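Keep in mind the model is a prediction, meaning the values are calculated, not measured. Quick note: numbers below take in every heavy atom, side chains included, and nothing from hydrogens, waters or symmetry partners. For ligands, and for the atoms within them, numbers begin at 1 and follow the listed sequence.
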Amino acid sequence: MSATKIDGKAISLEIEGELKVRVDALGQNGVQPHLVVVLVGDDAASHVYVRNKQRACERTGIESTLIDLPSTSTQKDILELISDLNGDESVHGILVQSPLPLGIDEFRIAEAIGPGKDVDGFHPANLGRLVQGDTEGMLPCTPAGVMRLIEGTGVDLTGSKAVVLGRSRIVGMPMALLLTQKGVDATVTIVHSRSEEPSLLCRDADLLVSAIGRPWTIKPGWVKPGAIVIDVGISRIEDGSTPSGSRLAGDVDPSVSEVAGWLTPVPGGVGPMTIAMLLKNTVRAAEGLLP
Ligand code: GUN
């Protein structure tokens, strides 16, 4: 039996359609949501991600501005820019793309962005809300997108065992918080680089969310038959399988499809959902609906 594919691309387009209606309604009141993306340096993958974010803004009627800073920019330069953007009423959302050049403290950057414009959901005030079970603030985009994908399966997670692989502040930690919140009620284990017997922990899980960024690490023997498997990883592997010699690979070995009940593809699974949630946060910011 082959796992049912969870089509993140299709669900993200549905969400874009719903957001477009909200953007049009804002337009009737003379407001156009406006996202500013700050890109520092020349990380090739970041340029691709940022372009995808901008294209999605265009499709939805959200204004997007890219501020491209050289890799020689200092932390002070970036903080001054953020301060200006915080004070600019025409800007509803600010996103500083990670990774930042060496020597720049990403925590300092995240806490400088006004919580109401923090469309990444990385500000301590927004993450702090989440820790306290309050999901009304800005939610981190990837974990929020994963929740929407799981909802789409129709599976009730109450009392289920979930394993989150990876403990980053961007994905793993907020993912675990969303899955344990009241109303979702999964029992969550966070597996990380120092965990013992990760394959055994994973094999017990009804839901597996992998965010480790190591290609094809999750093998069929790690997966409980029928489990929901969400692949957040995206790496490039050089295997000569395409004319360019490389291709994108998730954390999950494609043969897991023979064991899992549901599986997200890479690309076309979590990636488009992250962008859809970014658009949603930007629209919410423009609507002034945040706590
Ligand atoms: N780099 C990779 N993913 C993300 C994200 O969701 N937000 C930001 N700011 N940078 C990223």
Side-chain angles (χ1 to χ4, degrees), residues 8 12 15 35-57 62 64-69 71 73 75 78-79 81-82 85-86 91-102 104-115 117-124 126-127 130 137-149 164 166-175 177-178 209-215 230-236 248-251 264 266-267 269-282 284-285:
S12 73
I15 294 169
L35 171 67
V36 173
V37 176
V38 180
L39 185 53
V40 189
D42 26 51
D43 180 74
S46 290
H47 276 82
V48 175
Y49 294 147
V50 163
R51 201 173 317 126
N52 288 339
K53 288 170 184 176
Q54 289 199 289
R55 287 203 185 119
C57 283
I62 295 171
S64 76
T65 302
L66 173 62
I67 301 181
D68 208 340
L69 297 179
S71 55
S73 307
Q75 182 160 308
I78 304 171
L79 290 174
L81 172 63
I82 291 172
L85 295 170
N86 279 337
V91 174
H92 302 103
I94 304 168
L95 179 148
V96 180
Q97 185 71 18
S98 291
L100 289 168
L102 272 177
I104 294 174
D105 179 350
E106 299 206 1
F107 290 99
R108 211 31 225 105
I109 300 298
E111 71 185 7
I113 296 172
K117 296 190 180 189
D118 167 38
V119 284
D120 259 329
F122 299 159
H123 188 282
N126 285 317
L127 286 174
L130 193 52
M138 294 281 199
L139 294 178
C141 301
T142 300
V146 170
M147 292 306 292
R148 180 69 182 74
L149 290 177
V164 176
R167 53 181 161 183
S168 70
R169 89 197 149 108
I170 295 184
V171 185
M173 297 308 285
M175 187 75 249
L177 290 167
L178 285 173
V209 180
S210 183
I212 54 176
R214 281 201 279 123
I230 308 285
D231 192 350
V232 181
I234 187 154
S235 310
R236 187 161 281 284
L248 294 176
D251 291 347
T264 57
V266 174
V270 174
M273 292 302 292
T274 297
I275 296 181
M277 293 299 127
L278 170 67
L279 303 179
K280 183 175 172 186
N281 279 346
T282 306
R284 288 185 74 209

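Nearest heavy atoms, F122 versus L127: O-CD1, 3.6 Å. Considering every non-hydrogen atom in both M273 and I15, the closest pair reads CE-CD1, 3.6 Å.
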Could you pull out the N/O contacts under 3.5 angstrom between ligand 1 and the surrounding protein atoms?
unit_1	atom_1	unit_2	atom_2	d
ligand 1	1 (N)	Q97	NE2	3.2
ligand 1	1 (N)	S98	O	3.0
ligand 1	7 (N)	D120	OD1	2.9
ligand 1	7 (N)	D120	OD2	3.4
ligand 1	9 (N)	V96	O	2.9
ligand 1	9 (N)	D120	OD2	2.6
ligand 1	10 (N)	S98	N	2.9

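Legend: residues meeting side-chain contact (heavy atoms from CB on, under 4.5 Å) with I109, ordered by chain and number and at least two apart, are Q75, I78, L79, I82, V96, L100, I104. Shown here are the salt bridge (charged side-chain N to carboxylate O under 4.0 Å, His left out) partners of R169, two or more places apart in sequence or in another chain: E106. Partners of N126 according to the side chain to side chain donor-acceptor pair (under 3.5 Å) rule, which considers only residues two or more places apart in sequence or in another chain, are D118.
When each of D231, V171, V232, V209 is paired with V270, the side-chain contact (heavy atoms from CB on, under 4.5 Å) condition holds for V232 and for no other.
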